[in-house]
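Scroll down for the structure; my scribbles are underneath it.
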Amino acid sequence: MSAHDEPMAYPGGNPSNNPDDLHLLLNSEIDEPFFRSLGRSIKEFINPPKLPPLEVTSKPVAVKEIWGFYGGQEKRAGFTSMAIHAGAIALLLFLGTNKAVQQVVKQQIELIAPDIAPYKPTVKQDTMHGGGGGGDRSPTPVSKGKLPKLANRQFVPPMISHVENPKLVMDPTLIMPPDTNVPKVDSPNLGDPLAKSGLASNGFGSGGGMGSGRGGGIGPGSGPGFGPGSGGGMGGGAYRIGGGVSPPSILYKVEPEYSEEARKAKFQGTVLLYVVVDEKGNPRDIKILRPLGLGLDQKAVEAVEKWKFSPGKKDGKPVPVQAQIEVNFRLL
């Protein structure tokens, strides 16, 4: 063994060769009994030992060179932001109150919508009222077929002719506006488009024409029109004022009487009535559109039933016309 290989000297010899010296390497508390360590822990918990005060030996290092770049700029930035906002508000106020700017804005609006106007619904004049009918008292219902030409005047009523080879031939017509939307039937013969019978017949009506009515038209109505109405036209019912139909005028008028209930209550107002003035000037089909109550509605109807009218006219001929009549009740 060389000098470099000499074993390290330990007090009392090599511990690996001296088992009695192993306790020097072990913690002395390991051999402490359990009850002593428990008692000591309880004692330290109740009365912990005082530790020496903590002495801080380090000092804070100034970092102005790193974080102090914006130091002292807060006030300047605040004033700059406030000045920008104030300038923007002042500019908006100036533009909003400037007359030249306002004029330019108005011109732009006119260019976008030059013809703008409040919406007003358009009401189409409704002349599709009236009707007609006829027949030659045939034993069978009117046959199905097409309608004749539509015109403002009628010279020949539509009929299935029983005369062979007539010398004077004229086209039959119905009195209706030429642009009326009438039922279309693909048939070579004249007739009622709404009929079901296929046998050639003018119908069991009267007065010429075809159907179950009277008056030279086609259908169950009365007059030279088509349908269940009267006086020409189509659609049923009477004509409305306008579109070549003149209103009826009052010839004789009866003032309404007051009911006892309305008189005691000193009740006043206006009753609005719907009435059809026929071609003879008589009121019919009276209905109450706006009532008053207290018996005044019936008194208004009773008064109008006694009125006499000059009938409304279409193309110079009297026709039944729809009308509205206001009946006023006033206490003197």
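The shown structure was predicted, so the numbers you read here are calculated from the model rather than taken from an experiment. This chain uses plain numbering: 1 for the first residue, then up along the sequence.
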Do you know the tightest heavy-atom contact between [X] and [Y]?
| X | Y | result |
| --- | --- | --- |
| V277 | P311 | CG1-CA, 4.4 Å |
| V301 | I288 | CG2-CG1, 4.0 Å |
| L296 | A262 | CD2-CB, 3.6 Å |
| L174 | G217 | CD2-CA, 3.9 Å |
| A265 | L294 | CB-CD1, 4.3 Å |
| V321 | G312 | CG2-CA, 3.8 Å |

Review point. For the hydrophobic clusters of this structure (ILVMFWY residues joined by side-chain heavy atoms under 4.5 Å, transitively), does one cluster hold both L292 and I325?
Key: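 Yes, one cluster joins them.
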Check your understanding: Going only through I, L, V, M, F, W and Y residues with side-chain contacts under 4.5 Å, is there a path from L147 to V142?
Key -> yes
By side chain to side chain contact (heavy atoms under 4.5 Å, CB included) - contacts of [X] (at least two apart):
| X | answer |
| --- | --- |
| S143 | I160, M210 |
| K43 | none |
| L272 | L289, R290, Q324, E326 |
| P247 | I241 |

Check your understanding: Between the side chains of N189 and S187, does any donor sit under 3.5 Å from an acceptor?
Key ->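 Side chains of N189 and S187: no pair found under 3.5 Å.
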Check your understanding: Should we count CZ of R330 as having more than 12 external heavy atoms under 6.0 Å?
Key ->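 Enclosed: over 12 neighbouring heavy atoms sit under 6.0 Å from CZ of R330.
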Study note, to complete from the structure: The complete set of side-chain hydrogen bond (donor to acceptor under 3.5 Å, both in side chains) pairs with one or both residues in residues 259-269, sequence neighbours excluded, reads none
**Study point:** Residue pairs involving residues 273-288 (criterion side-chain hydrogen bond (donor to acceptor under 3.5 Å, both in side chains); sequence neighbours excluded)
**Key:**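 Only Y274-Q322, N282-K308 qualify under side-chain hydrogen bond (donor to acceptor under 3.5 Å, both in side chains).
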Review point. Which pairs pass ring pair (Phe, Tyr, Trp, His ring centres under 6.0 Å) with one or both residues in residues 177-216, sequence neighbours excluded?
Key: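 As it turns out, there is no ring pair (Phe, Tyr, Trp, His ring centres under 6.0 Å) pair with a partner in residues 177-216 once direct neighbours are skipped.
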Are [X] and [Y] packed together at the side-chain level, in the sense that at least one heavy-atom pair is separated by less than 4.5 angstrom?
| X | Y | result |
| --- | --- | --- |
| D136 | S206 | no |
| V245 | K313 | no |
| L190 | P158 | yes |
| L150 | F226 | no |
| P283 | V276 | no |
| L273 | V327 | yes |

Side-chain donor/acceptor pairs under 3.5 Å, residues 251-258, sequence neighbours excluded:
residue	atom	partner	partner atom	Å
Y258	OH	F267	O	2.5

Rounded to the nearest 0.5 Å, what separates atom [atom1] in [X] from atom [atom2] in [Y]?
| X | Y | atom1 | atom2 | result |
| --- | --- | --- | --- | --- |
| R137 | N202 | CZ | CG | 13.0 Å |
| E302 | I286 | CD | CD1 | 10.5 Å |
| K146 | I218 | NZ | CD1 | 11.0 Å |

**Study point:** Whichever hydrophobic residues join M82 through chains of side-chain contacts under 4.5 Å
**Key:** none
Review point. Can you name the side-chain hydrogen bond (donor to acceptor under 3.5 Å, both in side chains) partners of T140, sequence neighbours left out?
Key: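 Here the qualifying residues are S201.
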**Study point:** All side-chain hydrogen bond (donor to acceptor under 3.5 Å, both in side chains) counterparts of T270, not counting sequence neighbours
**Key:** N328
Review point. Which residues satisfy the salt bridge (charged side-chain N to carboxylate O under 4.0 Å, His left out) test with K149, sequence neighbours excluded?
Key: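 Testing K149 for salt bridge (charged side-chain N to carboxylate O under 4.0 Å, His left out), a comparison that skips the adjacent residues, returns D171.
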